2 protein chains.
Amino acid sequence: MEISFTEENYLKAIFSLSRLYGDAEVSTNQISEHLNNKAASVTDMLKRLAEKKFIDYKPYKGVRLTEKGRKTAVKVVRKHRLWEVFLVEKLKFKWDEVHDIAEQLEHINSDELIEKLDLFLGRPKHDPHGDPIPDANGKFYAQKSIALAEAKVKQVLVVTGVSDHSTQFLQYLSQSGIGLGDHLKVDEVNSYDHSLKVKVNKNHGLFLSHKVALNILVEVKS
Amino acid sequence: MEISFTEENYLKAIFSLSRLYGDAEVSTNQISEHLNNKAASVTDMLKRLAEKKFIDYKPYKGVRLTEKGRKTAVKVVRKHRLWEVFLVEKLKFKWDEVHDIAEQLEHINSDELIEKLDLFLGRPKHDPHGDPIPDANGKFYAQKSIALAEAKVKQVLVVTGVSDHSTQFLQYLSQSGIGLGDHLKVDEVNSYDHSLKVKVNKNHGLFLSHKVALNILVEVKS
DNA sequence: ATATTTTTTTAGACTAGCCTAAATTTAACC
DNA sequence: GGTTAAATTTAGGCTAGTCTAAAAAAATAT
Ligand SMILES: [Mn+2]
Ligand SMILES: [Mn+2]
Ligand SMILES: [Mn+2]
Ligand SMILES: [Mn+2]
């Protein structure tokens, strides 16, 4: 019942792709693109994962996680996000520096360790990017956030997360003075390119492109 | 200049075997036994490590780390021991529970991470088993400990480490009320089997076999 | 100094993961 | 519906790391 580093990465990829596209089957090419390897390699691995009952696989028909596969994938996600919290909260890394390290730490195999880490961190519900941390049973507590681009003018908003986790984007947000928990208000929407003028906490006049506004998640407070 | 999980384990093995036997060449069979794999596999790997300049290797003549190899090995040891401190001090694992998890964590690759972890832990000098933690330059601060078996009757002793890191031995010590920093005094030596009667902190009358006394490291305080 | 034993290396084979190129299946188009 | 294009799988090959069995070198014993 052992699972390799590589198999864990495939399961995580399938899990996140299936969520992304409304829980549909995931295609070989989607996985191939997501993991930056070739479709033929993916087919190889899908056969092995099916053999081990992590996925249901019908050739040419795409793939879906079994319950066993989902549990395994969610556990990797849980580990990834807990380690990210550790890196930011305890070791004082910036939120844009932790992803690659967590990509390694997520494969450390010890249930005792996850449990004790979770406890040490105070059982956090969200990682440094606002993503929910599933509990030990694999349950996610859904947050009802929307993209900033969909918010209405004058609504009181709180930043709850980001959709783009790239270093570039995260650094840009930090430089603009935007982080999790900050208060936003849209003052103006440019009807030509959908860019925004927003208030961040007490400061008016920050300009954000539509592309950026699509990748900031907010909760509407009023 | 990338190094694999497996290569790191070989370098660590060579490093610790070479220390163990007074910095001599390490033989293929020693490595094979230490890592629980076959001599033929070791020969294969030695060729690769020599190719990459981690070791000096002359067929049939044993092997020795290059400076590059030593640096790499010591870094793995440093990571291993820092993570053990983390697991015991922060996550509240017992000292006999941390070795296997550290065996995984030692391969996480990030200089930033080691540095920040070291800082977070308060730059510890010893791991939970009393083993010295090399600094970022690979320097060990030698401790002048002796085995309890070599101590003289009535000397004031402080426990500084253990030679046997097995779960069994560590649990036995814990149950006997012996841990790092505890004060010992040898009250009697049995001249037939070299077993000891010792005082632990304030309690007299603990019996220890010669075998156990060989694996407890102490510093002589007077 | 030979003969025997031990250690080490070589030869050949296997698996996990990856690749490229070719074949096949499915989807899209006219 | 037949033809083309796209997606997927198969076939064959590569590397890292392991193994067993056999050959070769070194050490030991007589
Ligand atoms: Mn991963
Ligand atoms: Mn995250
Ligand atoms: Mn290791
Ligand atoms: Mn230790």
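Owing to the predicted nature of the structure, the values given are computational and were not obtained by experimental measurement. Note: hydrogens, waters and symmetry copies are ignored here, and every other heavy atom, side chains too, is used.
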Minimum-distance nucleotide to A:Arg48 side chain [options: C:dG17, D:dG17, D:dT10] | C:dG17
May I have the distance from A:Leu49 (atom CG) to C:dA16 (atom C1'), rounded to whole angstrom?
-> 12 Å
Would you classify A:Lys47 as touching base, sugar-phosphate or nothing, given that sugar-phosphate means primed atoms plus P, OP1 and OP2, and contacts are heavy atoms under 4.0 Å?
-> sugar-phosphate
Let me know the distance between CG of A:Leu46 and P of C:dG17, rounded to the nearest Å.
-> 13 Å
Looking at D:dA26, C:dT26, C:dG17, which one has an atom nearest to any side-chain atom of A:Met45?
-> C:dG17
When B:Arg48, B:Lys52, B:Lys68 are each screened for salt bridge (Lys or Arg N to Asp or Glu O under 4.0 Å) with B:Glu7, the one that passes is B:Lys52
Going by heavy atoms closer than 4.0 Å, what residues in residues 31-38 of chain B are next to DNA chain D?
-> B:Asn37, B:Lys38
Within this structure, what is the NZ-to-P distance between A:Lys52 and C:dA16, rounded to whole angstrom?
-> 7 Å
With a 4.0 Å cut-off on heavy atoms, is B:Tyr57 in touch with a base, just the backbone sugar-phosphate, or nothing at all?
-> sugar-phosphate
Indicate, with a heavy-atom threshold strictly under 4.0 Å, whether B:Ser41 touches base, sugar-phosphate, or nothing.
-> base
Would you classify B:Thr43 as touching base, sugar-phosphate or nothing, given that sugar-phosphate means primed atoms plus P, OP1 and OP2, and contacts are heavy atoms under 4.0 Å?
-> base
Residues B:Asp111, B:Lys75: salt bridge by 4.0 Å N-O rule = yes
Identify, between B:Asn29 and A:Thr6, the residue whose nearest nucleotide on DNA chain C lies closer to the 5' end.
-> B:Asn29
Charged tip of A:Lys90 within 45° of B:Phe120 ring normal and under 6.0 Å = no
How many Å lie between OH on B:Tyr10 and P on D:dA16, as a whole number?
-> 14 Å
Just compare D:dT18, C:dG17, C:dT9 and give me whichever is closest to any side-chain atom of B:Pro59.
-> C:dT9
Mapping A:Lys61 and A:Ser4 to their closest nucleotides on DNA chain C, which lands nearer the 5' end?
-> A:Ser4
Option passing salt bridge (Lys or Arg N to Asp or Glu O under 4.0 Å) with A:Glu25 (candidates A:Lys58, A:Arg64, A:Lys61) = A:Arg64
May I ask you to check whether A:His99 and A:His129 show a side-chain donor-acceptor distance below 3.5 Å?
-> no
